[in-house]
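Written below as structure tokens is the structure these notes are about.
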There are 2 protein chains.
Amino acid sequence: MTNEISFFENPEGTREEILEATFYALRQHGYAELTISKIGDEFGKSQSLIYHHYDNKDELLVDLLDYMLEQVENQVPLPNQSPEAYIEVIIDEIFGTSSNSDVEFSQAVIELRAQAAHDDDYNRLFRRSDDFIRKQIARVIQAGVDAGAFDVEDPSQTAALFHTVLVGIQAERITSDEDTIDDVRAEFRRYVEHCLLSESHAE
Amino acid sequence: MTNEISFFENPEGTREEILEATFYALRQHGYAELTISKIGDEFGKSQSLIYHHYDNKDELLVDLLDYMLEQVENQVPLPNQSPEAYIEVIIDEIFGTSSNSDVEFSQAVIELRAQAAHDDDYNRLFRRSDDFIRKQIARVIQAGVDAGAFDVEDPSQTAALFHTVLVGIQAERITSDEDTIDDVRAEFRRYVEHCLLSESHAE
DNA sequence: TGTATGTGATTGAACGTTTAGTCAGCCACA
DNA sequence: TGTGGCTGACTAAACGTTCAATCACATACA
């Protein structure tokens, strides 16, 4: 129900505990410095045990990405509200609550996305997740158009820009200060008001 | 004069040859799998020689990033044209010529950007480069406002969104197909027409 | 109740390989 | 006769992975 990322709050079973440990090790050391030994440290148990549950390091990391993208997809709000309200929620999701765990999660996702350039499994998972999110946004925009609230050229085209800004913010958060992010948010709102809401609402 | 990335066309001196080799090794194997030995292979000469010119791997990689971001900054077009024409050039730069070398360069940059989360040197370099680009764009938008061609709330705010889209496209290019990128481009043009150009131009 | 049998979690030690980095010395040219 | 570019051989540490061996615990049978 809550939109907070309650990621790994109470892991069920050893496999999920290992995923949790892998996530924290990834956050702390980064992908390039991520080792089974460091995951084992975070895990609290021996690193041999990891191999009891996963065939190898690659399989573990792919499973982690799968798990994380599932969380991302679940975080996309349900279209059980008016299109206008939904867009507000989407914007909040994109620019985040600037809570620490949100930022750390985003950074981990971006780090894994970078690996997609050299790993087909990663590539496949991100394609699926990105498509899902874009289509979800496009659906709601289409609903807003049908209801006369929005006025756009092509909903899936608009959704594509939404998604690019989402990814861009994730990547920029690594280095940019909060003021810059706020600037982007303000300008993106201006875009939504001028290019999405229909005349009657824009006023 | 040309906007093509004539990156590493004719390296001057051994250090630049090493940077070139490092870049290609990074492209081929990715940051996580990047080793001195692989750089040496690409280099054509022994890996010991690398240590003759660089103290250690970190120094070499930081130097590469510095070098690459210098290229990025030099690629930002000069403001020697009308603001309207400049914006067109910027949009072309953001969405790229989809030439192979451009995409590969972008992917390498994004991969290094992800490392900025765990490396202060990388963080510093990206901050400087991002600030430079944002300010350059903001300056031109301000000029457009002064000339009456543009009508925005706050030029640096608009520039911030430009930059986010730039970074977002870089990150999305890893996994997205060209059609999606084209959608983003079309929608971003719509944004520029509705939110940047002043009424008289928007027609 | 006591004993055998099986199962999954868990470990520490060990394996072969790869890694970043060192070093003594070679070669060409001034 | 140096001096700087350059190399191959080397090392210690870290790496992913395997494995034999425990442990806790359930089930089944006498």
Side-chain angles (χ1 to χ4, degrees), chain A residues 8 10-67 108 111-112 114-116 118-122, chain B residues 8 10-67 108 111-112 114-116 118-122:
Chain A
F8 293 131
N10 38 5
E12 298 162 1
T14 315
R15 261 179 90 103
E16 210 150 312
E17 271 181 54
I18 293 175
L19 288 182
E20 176 186 27
T22 308
F23 173 77
Y24 286 119
L26 172 63
R27 280 306 311 129
Q28 237 182 312
H29 307 285
Y31 187 90
E33 314 280 329
L34 186 61
T35 68
I36 297 285
S37 152
K38 282 169 186 163
I39 296 172
D41 288 350
E42 207 74 40
F43 183 27
K45 304 193 177 161
S46 78
Q47 49 174 314
S48 335
L49 182 55
I50 296 171
Y51 284 95
H52 191 69
H53 294 271
Y54 288 95
D55 280 353
N56 50 49
K57 194 187 171 189
D58 275 355
E59 194 201 303
L60 167 57
L61 292 184
V62 170
D63 199 33
L64 174 67
L65 177 58
D66 194 40
Y67 194 89
E111 196 152 356
L112 294 175
Q115 309 305 322
H118 310 95
D119 188 310
D120 288 342
D121 288 326
Y122 284 31
Chain B
F8 293 131
N10 38 5
E12 299 161 0
T14 315
R15 262 179 89 104
E16 211 151 309
E17 271 182 54
I18 294 175
L19 288 181
E20 176 186 26
T22 308
F23 173 77
Y24 286 119
L26 172 64
R27 280 307 311 129
Q28 236 182 312
H29 307 285
Y31 186 90
E33 314 279 331
L34 186 61
T35 67
I36 296 284
S37 149
K38 283 169 185 162
I39 296 171
D41 288 350
E42 208 73 41
F43 182 28
K45 306 196 176 159
S46 79
Q47 50 174 314
S48 334
L49 182 54
I50 296 170
Y51 285 99
H52 192 71
H53 293 271
Y54 287 95
D55 280 354
N56 52 48
K57 193 186 172 189
D58 275 355
E59 195 202 301
L60 166 58
L61 292 183
V62 170
D63 199 33
L64 174 68
L65 177 59
D66 194 40
Y67 194 89
E111 197 152 356
L112 294 174
Q115 310 304 322
H118 310 96
D119 188 310
D120 288 343
D121 288 327
Y122 285 31

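Order of the sequence lines fixes the chain letters, A, B, ..., with proteins taken first and strands second; residue numbering starts at 1 for each chain. Predicted model only: the values in this text are computed from it and were never measured.
With distances taken from any side-chain atom of A/Tyr51 to the nucleotides D/dG5, D/dT18, C/dT22, the minimum falls on D/dT18. Of all nucleotides listed (D/dT17, C/dG12, D/dC6), C/dG12 comes nearest to the side chain of A/Ser46. The nucleotide whose nearest atom lies closest to any side-chain atom of B/Thr35 is, among D/dC6, C/dG21, C/dA20, C/dA20.
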| task | Take B/Glu17 and B/Glu42 through the test side chain to side chain contact (heavy atoms under 4.5 Å, CB included) and record every step on the way to the result. | result | CA-CA 10 Å; B/Glu17 271 182 54; B/Glu42 208 73 41; over 6 Å; no

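Distances shown here put a side-chain N or O of B/Thr14 below 4.0 Å from the OP1 or OP2 atom of D/dC6. The phosphate of C/dT10 (OP1 or OP2) has no side-chain N or O of A/His52 nearer than 4.0 angstrom.
Positionally, the nearest nucleotide of DNA chain D for A/Lys38 lies more toward the 5' end than for the other of A/Asp55 and A/Lys38.
What separates OH of B/Tyr54 from P of D/dC6 is a distance of 14 Å, to the nearest Å. Between the C1' atom of C/dA20 and the CG atom of B/Leu61 lies a distance of 12 Å, rounded to the nearest Å. Here the P atom of nucleotide D/dG5 and the CZ atom of B/Phe43 are 11 Å apart, to the nearest Å. A/Ile36 has its CD1 atom 21 Å from the P atom of C/dA14, to the nearest Å. Straight-line distance from the CD1 atom of A/Ile39 to the C1' atom of D/dG16: 11 Å, rounded to whole Å. As a whole-Å value, the separation of A/His29 NE2 from D/dC15 P is 10 Å. One interatomic measurement links the two molecules: CD of A/Gln47 to P of C/dT10, which rounds to 15 Å at whole-angstrom precision. Computed from coordinates, the B/Ile50 CD1 to C/dT22 C1' distance equals 14 Å when rounded to whole Å.
For A/Ala21 against A/Ile39, the heavy-atom pair with the smallest separation is CB-O, 3.8 Å. Closest approach of A/Asp63 and A/Arg15 over heavy atoms only: OD2-NH2, 3.4 Å. What you find for B/Glu111 and A/Ala114 is that their closest heavy atoms are CA-CB, 4.0 Å. Between B/Glu59 and B/Asp55, the shortest heavy-atom contact is OE1-CB, 3.1 Å.
Across all strands shown, A/Leu60 has no heavy atoms under 4.0 Å from either base or sugar-phosphate atoms.
Side-chain atoms of A/Ser48 come within donor-acceptor range of the base of C/dG12, with a qualifying N/O pair under 3.5 Å.
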